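Heads up: the structure comes next, in structure tokens.
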Amino acid sequence: MKAHLHQRWHVAKLISLRGLRSGLRGAVLPFALTFAFLFAAVLIAGNVGQLGQEGLLAIPRPLTYPFFSVVYILSFYLALAGALAIVRDRDRGTMETLFYGPVDEVSYIFGRFFEHLLLFIAMLVLTIIFFLLASLITRFAITVQFWQACLLSVFLAAGVIAFGIFISSITKRTINAVVLFLVLMLLFMGIQITQQSLANIDLSNPSAGLALAVKVITFLGKVVSWVSPFSYLSGGLRAVDLASTGQYVLSLVKATVYALVLQGASIYFFQRRGVRK
Amino acid sequence: MLRTEGLTKKYDQLKAVVDLNLHVHKGETYGFLGPNGAGKTTTIMMLLGLEKPTEGKIWLFGQELSTDPMAIKKRIGVVLEHQYLYDEMTAWEYLNFFAQLYEVENPAKRISELLERVHLYDRKDDFVGGYSRGMRQKLSIVRALLHDPELLILDEPVSALDPYGIKEVRDLILEEQARGRTFFISSHILSEIEKTCSRVGIIHKGVLLAEDDMEGLKAKVREEQEFTVELEEVTNSVTEHLNQLPFVNSLDFENNKLYINTDTQEDYRPQISRAIAAAGGTILSMQAKELSLEDAFVTITEKNLSLLTKEANK
């Protein structure tokens with residue numbers, strides 16, 4: 001048992017480091033980072049401009065929302081990368097070569113998971129450097145909440161990556177994985193937007209149809225809040241924004257459990273699907 | 001070393017492998033032959049645990065594969081027909097990754113040694129994506145040998161190679177054979193199997209039709225033995241004498257060459273020599289026609305096909 005664990009850990013570590021090196025060499029990562037930093041820079045510049053125009057003396061947490069935006073963009077990129085991870089490896093046949101050797105489904109799935117998590121941590125380091133520089137230039141303070149958000153973002157990214165890998169484990173082809181991922185994202189967003197829109201409608205005396213629609217959407221909203229990795233991300237970042245320690249800790253726990261459950265499901269489906277093309 | 005018992009794989013109605021009983025001994029080189037779609041790759045995939053058998057069991061190194069697949073597969077080296085490599089890595093990085101995966105001691109030394117053996121050392125820092133098909137094949141062979149495996153499973157190991165590369169790989173196999181390595185080689189290139197394998201199994205439509213050493217296999221399909229005898233002159237007396245011999249099935253001649261077909265019960269060369277001498281003939285040379293593995297393979301698979309057709313017509 002101990003030997004198995006050691007072997008699995010050894011294999012997972014090697015698979016993740018190999019993938020990390022490939023990811024860092026790839027062309028998409030710099031593009032995603034540049035896009036995220038540009039977006040954050042625009043938001044920070046907006047905050048600076050707002051200060052100048054409105055003669056405000058202070059803006060609460062002027063770097064927090066730009067940081068959240070970077071986390072969202074990078075998480076989306078990683079979720080998509082995760083969704084492609086297994087299915088592309090199978091398509092290329094490289095997965096088969098790995099499984100000729102001492103690799104099993106558990107070590108493989110965890111290897112690919114840690115690969116993306118390490119990639120996120122590498123990007124997070126660059127993001128922190130970016131925000132420290134932004135703080136120096138704009139003199140906006142880096143608060144404790146910023147550091148809390150940094151720590152939390154690793155756990156939330158783990159959930160997002162696990163979701164991507166789960167998608168990859170249940171699909172047969174690269175294109176299917178991309179389509180399924182995008183359809184689910186749009187579906188989750190659609191349900192959440194509809195739920196928010198319904199919240200703004202006066203429902204004191206609703207028609208029977210509207211009442212049913214509200215019930216269905218509320219139910220779907222609850223499902224999405226459990227299933228969508230981005231609802232964990234939103235919830236966690238909201239906890240940071242509200243400076244709620246209880247919510248913060250709960251978000252850490254929820255994101256970890258979510259990631260573990262999805263990892264288990266990925267292993268199950270991967271075992272059923274097999275290694276060969 | 002490798003044993004299967006009643007190994008069967010069915011895909012819905014299709015029987016890819018039927019009741020396969022293989023036995024590969026330690027230190028031997030076993031050739032696994034069969035036409036396309038015979039079930040060779042499916043068998044190999046089951047041996048590696050990448051396909052689950054519908055029925056039957058597999059033992060490797062005396063252990064059932066399902067008991068500890070990770071540890072068992074660590075003792076096997078595999079090269080299959082298609083080379084799936086990480087194109088974005090250099091050859092050195094690629095081999096180093098696998099060396100670590102198999103926990104090879106002193107990987108740098110081992111990688112250098114093997115790359116030199118296949119003449120790829122000078123290209124070690126090139127990206128694998130830029131390698132030719134033959135180079136990729138050789139790189140895969142190096143990968144399979146990195147951890148000094150006890151058993152090597154090779155599927156078409158020389159299919160992508162030029163004659164020079166084929167000789168390199170053959171020499172490598174022979175060297176490893178001499179070190180006591182066990183090989184399980186599946187190939188269409190029968191001449192290569194003949195040069196490297198000590199025992200052969202022929203699979204067709206998922207069924208193992210024959211399994212024996214080279215001589216045994218050839219003897220199984222040999223119904224007649226053909227001799228070519230070169231004489232100073234072929235006379236009527238010589239042909240009459242030979243035709244009277246009970247073991248001669250047929251006789252033909254062209255210029256000064258006689259073609260004699262006999263049964264296969266024994267080596268009739270002494271009797272033929274005596275008969276020719278008694279008829280006043282002078283023998284310049286005599287040769288028994290050697291049956292190639294290719295002849296044996298074609299005969300066995302064709303025989304099987306005709307049997308299957310007959311059964312279907314019944």
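Chain A is the first sequence line, chain B the second, and so forth, proteins listed ahead of strands; every chain is numbered from 1. Fair warning: this is a prediction, and the values are worked out from it, not measured in the lab.
Note: A:Phe269 and A:Phe166 have perpendicular aromatic rings, judged against thresholds of 30 and 60 degrees for the angle between ring planes. Ring planes of A:Phe163 and A:Phe188: tilted class, angle from 30 to 60°. In this pair, A:Phe31 and A:Phe35 present their aromatic rings parallel. The plane angle is below 30°, not in the 30 to 60° band.
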List, with distances to 0.1 Å, the donor-acceptor pairs found between chain B and chain A - the cut-off being under 3.5 Å and no angle criterion applied.
{"residue": "B:Glu51", "atom": "OE2", "partner": "A:Arg276", "partner atom": "NH1", "Å": "3.1"}
{"residue": "B:Asp68", "atom": "OD1", "partner": "A:His4", "partner atom": "NE2", "Å": "3.1"}
{"residue": "B:Lys73", "atom": "NZ", "partner": "A:Phe99", "partner atom": "O", "Å": "2.6"}
{"residue": "B:Lys74", "atom": "NZ", "partner": "A:Gln7", "partner atom": "OE1", "Å": "3.3"}
{"residue": "B:Tyr84", "atom": "O", "partner": "A:Thr97", "partner atom": "OG1", "Å": "3.1"}
{"residue": "B:Glu88", "atom": "O", "partner": "A:Arg25", "partner atom": "NH1", "Å": "3.1"}
{"residue": "B:Glu88", "atom": "OE1", "partner": "A:Arg92", "partner atom": "NH2", "Å": "3.0"}
{"residue": "B:Glu88", "atom": "OE2", "partner": "A:Arg18", "partner atom": "NH1", "Å": "3.2"}
{"residue": "B:Glu88", "atom": "OE2", "partner": "A:Ser22", "partner atom": "OG", "Å": "3.1"}
{"residue": "B:Glu93", "atom": "OE1", "partner": "A:Arg25", "partner atom": "NH1", "Å": "3.4"}
{"residue": "B:Glu93", "atom": "OE1", "partner": "A:Arg25", "partner atom": "NH2", "Å": "3.3"}
{"residue": "B:Glu93", "atom": "OE2", "partner": "A:Arg25", "partner atom": "NH2", "Å": "2.5"}
{"residue": "B:Gln100", "atom": "O", "partner": "A:His10", "partner atom": "NE2", "Å": "2.7"}

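Contacts from residues 107-121 of chain B to chain A, taken as heavy-atom pairs separated by less than 4.5 Å, involve no residues at all.
B:Glu28 and B:Arg199 are joined by a salt bridge, as a carboxylate oxygen and a charged side-chain nitrogen come within less than 4.0 angstrom of each other. A salt bridge is defined here as a Lys NZ or Arg NE, NH1 or NH2 lying under 4.0 Å from an Asp or Glu carboxylate O, and B:Arg3 with B:Glu5 meets this definition.
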Applying side-chain contact (heavy atoms from CB on, under 4.5 Å), run through A:Leu126 and A:Phe37 and close with a yes or a no. CA-CA 10 Å; A:Leu126 292 175; A:Phe37 289 170; 4.3 Å; yes
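Most heavy-atom pairs under 4.5 Å with chain A, from the set B:Val79, B:Ile72, B:Val78, B:Ile153: that is B:Val78.
Scored by the side chain to side chain donor-acceptor pair (under 3.5 Å) test, B:Asp122 finds no partners at all (sequence neighbours excluded). Under the rule for a side chain to side chain donor-acceptor pair (under 3.5 Å), the partners of B:Asp171 that lie at least two apart in sequence or sit in another chain are B:Lys167.
With hydrogens and angles ignored, the 3.5 Å screen pairs no side-chain donor or acceptor of B:Thr4 with any backbone N or O of B:Leu7.
Proximity of B:Leu152 to B:Phe184: side-chain heavy atoms (C-beta onward) are nowhere separated by under 4.5 Å.
In this structure, chain A has a heavy atom under 4.5 Å from the backbone of B:Leu85, while its side chain stays farther away.
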